[in-house]
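Counting starts at 1 for both ligands and their atoms, in listed order. Please read these numbers as outputs of a predicted model, since none were measured by experiment.
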Amino acid sequence: MSKIENNKTCYALVTGASRGIGRAIAIRLARDGYAVLINYQHNEAAALAVKADIEANGGKAELMRFDVGNKMQVETALSTWHEHNPGEHIHVLVNNAGVRKDTLMVFMQDIEWQQVMDTSLQGFFFVTRALLQPMLTARKGRIINIASISGVNGLPGQTNYSAAKAAIIGATRSLAKEVASRKVTVNAVAPGFIKTDMTAELDEASLKQMIPAGRFGTPEEVAAVVSFLASDEASYVSGQVIGVTGGLG
Ligand code: NAP
């Protein structure tokens with residue numbers, strides 16, 4: 001059963017929710033009582049599996065396919081959703097979709113720079129802008145951006161990814177100041193190394209030696225922080241960047 005406030009269902013949109021961290025966030029927010037909109041780009045089978053998992057546990061979920069970096073797709077999907085759900089609005093937005101195209105700067109191709117920017121940074125802009133006005137009107141909203149320790153400290157081979165994630169952190173801090181008086185909070189979560197498809201080919205055995213906790217984190221450990229930031233209890237937390245790194249950084 002989903003949470004209802006003022007006769008309205010509480011919806012949360014999680015971008016990139018078919019796999020990894022986004023999947024864990026979608027499942028956690030459904031457990032917290034949100035009706036979850038599961039965004040994905042390609043992997044419909046995985047997105048359907050997340051929906052089935054949520055429904056099997058008594059939650060409510062629907063799929064919402066679009067490429068976050070494609071302005072037309074974003075605006076069409078969200079305006080169609082609003083047309084089909086008159087009077088409803090999305091209370092929680094988790095900008096999670098992201099890709100990694102690592103290579104040293106001297107070898108970096110335009111496409112490797114552009115794809116990372118399109119997904120993380122353009123995606124943040126297109127989706128957030130489309131949902132911001134209803135949040136401001138409702139005087140209620142939570143925007144949570146999944147950044148990275150790479151955007152805080154930098155990592156070799158990731159100038160594209162670090163630039164996109166650092167930009168998200170800057171945008172988080174500015175937007176938080178713009179919208180705080182309307183009771184909309186904006187925060188970033190900066191994970192370290194988390195066990196997902198994105199990190200599957202990394203050399204975990206050697207990398208974990210530099211992590212104070214001695215291990216990679218789990219998607220559920222990131223989802224727990226997102227759950228707090230989405231909650232009513234986090235109403236006075238805004239403009240922050242919260243690391244989930246096992247002490248790294
Ligand atoms: P992942 O396992 O590779 O999953 C990526 C998800 O994003 C998938 O659901 C994918 O959908 C979706 N996606 C990719 N491009 C998209 C687009 N253009 N439009 C819509 N959805 C798109 O990645 P992850 O490790 O969970 O990472 C999630 C976020 O955490 C990313 O922003 C990443 O940068 C950040 N992060 C991850 C780590 C880590 O160690 N894993 C560390 C720091 C930060 P499809 O299944 O349809 O392809």
_Under-4.0 Å heavy-atom contact with ligand 1, by part of N39 that carries it_ = side chain
*Any nitrogen or oxygen of G69, main chain or side chain, under 3.5 Å from a nitrogen or oxygen of ligand 1?*
no
*Side chain, backbone, both or neither: S120 near ligand 1, heavy atoms under 4.0 Å*: neither
_Do S162 and S150 pair up side chain to side chain, a donor and an acceptor below 3.5 Å, judged on atom types alone?_
yes
*salt bridge (Lys or Arg N to Asp or Glu O under 4.0 Å) between D232 and K140: does it pass, once the steps are laid out?*
CA-CA 10 Å; D232 288 343; K140 186 175 175 82; 3.3 Å; yes
*Does the N or O separation between N43 and ligand 1 drop below 3.5 Å for any pair?*
yes
*Would you say P191 and ligand 1 have an N/O pair spaced under 3.5 Å apart?*
no
_For Y161, which part has a heavy atom under 4.0 Å from ligand 1: side chain, backbone, both, or neither?_
side chain
*atom 48 (O) of ligand 1: nearest protein contact (heavy atom, Å)*: R19 NH2, 3.1 Å
_Closest protein heavy atom (residue, atom, distance) for atom 31 (C) of ligand 1_ = N96 O, 3.1 Å
*Lys/Arg N to Asp/Glu carboxylate O, R23 vs D53, below 4.0 Å*: yes
*Please tell me if the side chains of I194 and F216 come closer than 4.5 Å, counting only heavy atoms from C-beta onward.*
no
*Assess the side chains of N43 and S18: does a donor N or O sit below 3.5 Å from an acceptor N or O?*
no
_For atom 40 (O) of ligand 1, what's the nearest protein heavy-atom neighbour? Residue, atom name and distance, please._
I194 N, 2.8 Å
*For ligand 1, which atoms have a heavy atom of F66 less than 4.0 angstrom away?*
19 (N), 20 (C)
*Which heavy atom of the protein is the closest neighbour of atom 9 (O) of ligand 1, given with residue, atom name and distance?*
S18 OG, 2.7 Å
*Write out the residue and atom name of the closest protein heavy atom to atom 47 (O) of ligand 1, then the distance separating them to 0.1 Å.*
H42 N, 2.6 Å
_For atom 30 (O) of ligand 1, what is the closest protein heavy atom, and at what distance to 0.1 Å?_
I146 CG2, 3.4 Å
*Using a heavy-atom cut-off of under 4.0 Å, does the side chain or the backbone of K165 touch ligand 1, or both, or neither?*
side chain
*What closest approach, in Å, do R142 and T185 show between heavy atoms, and which atom pair accounts for it?*
CD-OG1, 3.1 Å
*Note, V74 side chain near N70 side chain (heavy atom, < 4.5 Å)*: no
*State, yes or no, whether a side-chain contact exists between V226 and I146 at a heavy-atom distance under 4.5 Å.*
yes
*Is there a ring-ring contact (aromatic ring centres under 6.0 Å, His included) between H91 and H89 once you walk through the steps?*
CA-CA 6 Å; H91 291 70; H89 91 275; 4.4 Å; yes
*Compute the minimum heavy-atom distance from A147 to ligand 1 and say whether it is under 4.0 Å.*
yes
_Check this for me - ligand 1, I21, N or O atoms closer than 3.5 angstrom, yes or no?_
yes
_Parallel, tilted or perpendicular: which one describes the rings of Y11 and W81, with boundaries at 30° and 60°?_
perpendicular
_Using a 3.5 Å cut-off on N or O atoms only, is S148 in polar contact with ligand 1?_
no
*Looking only at protein heavy atoms, which one is nearest to atom 24 (P) of ligand 1, and how far off is it?*
T196 OG1, 3.6 Å
*Run the numbers for me: atoms of ligand 1, each under 4.0 Å from some heavy atom of G20, listed by number.*
2 (O), 26 (O)
*Is ligand 1 less than 4.0 angstrom away from at least one heavy atom of F216?*
no
_Looking at E44 and R65, is any side-chain nitrogen of the basic one under 4.0 Å from a carboxylate oxygen of the acidic one?_
yes
*Using distance alone, determine whether V68 and ligand 1 share an N or O pair under 3.5 Å.*
yes
*Starting from atom 42 (C) of ligand 1, which protein heavy atom do you reach first, and at what distance in Å?*
G192 O, 2.9 Å
*Report yes or no: does T199 have a heavy atom closer than 4.0 Å to ligand 1?*
yes
_Presence of salt bridge, E201 and R100, under 4.0 angstrom_ = yes
*asked:* Check this for me: does any side-chain nitrogen of one of E204 and R215 sit under 4.0 Å from a carboxylate oxygen of the other?
replied: no
*Does a salt bridge link R129 with E75, judged by any charged N lying under 4.0 Å from a carboxylate O?*
yes
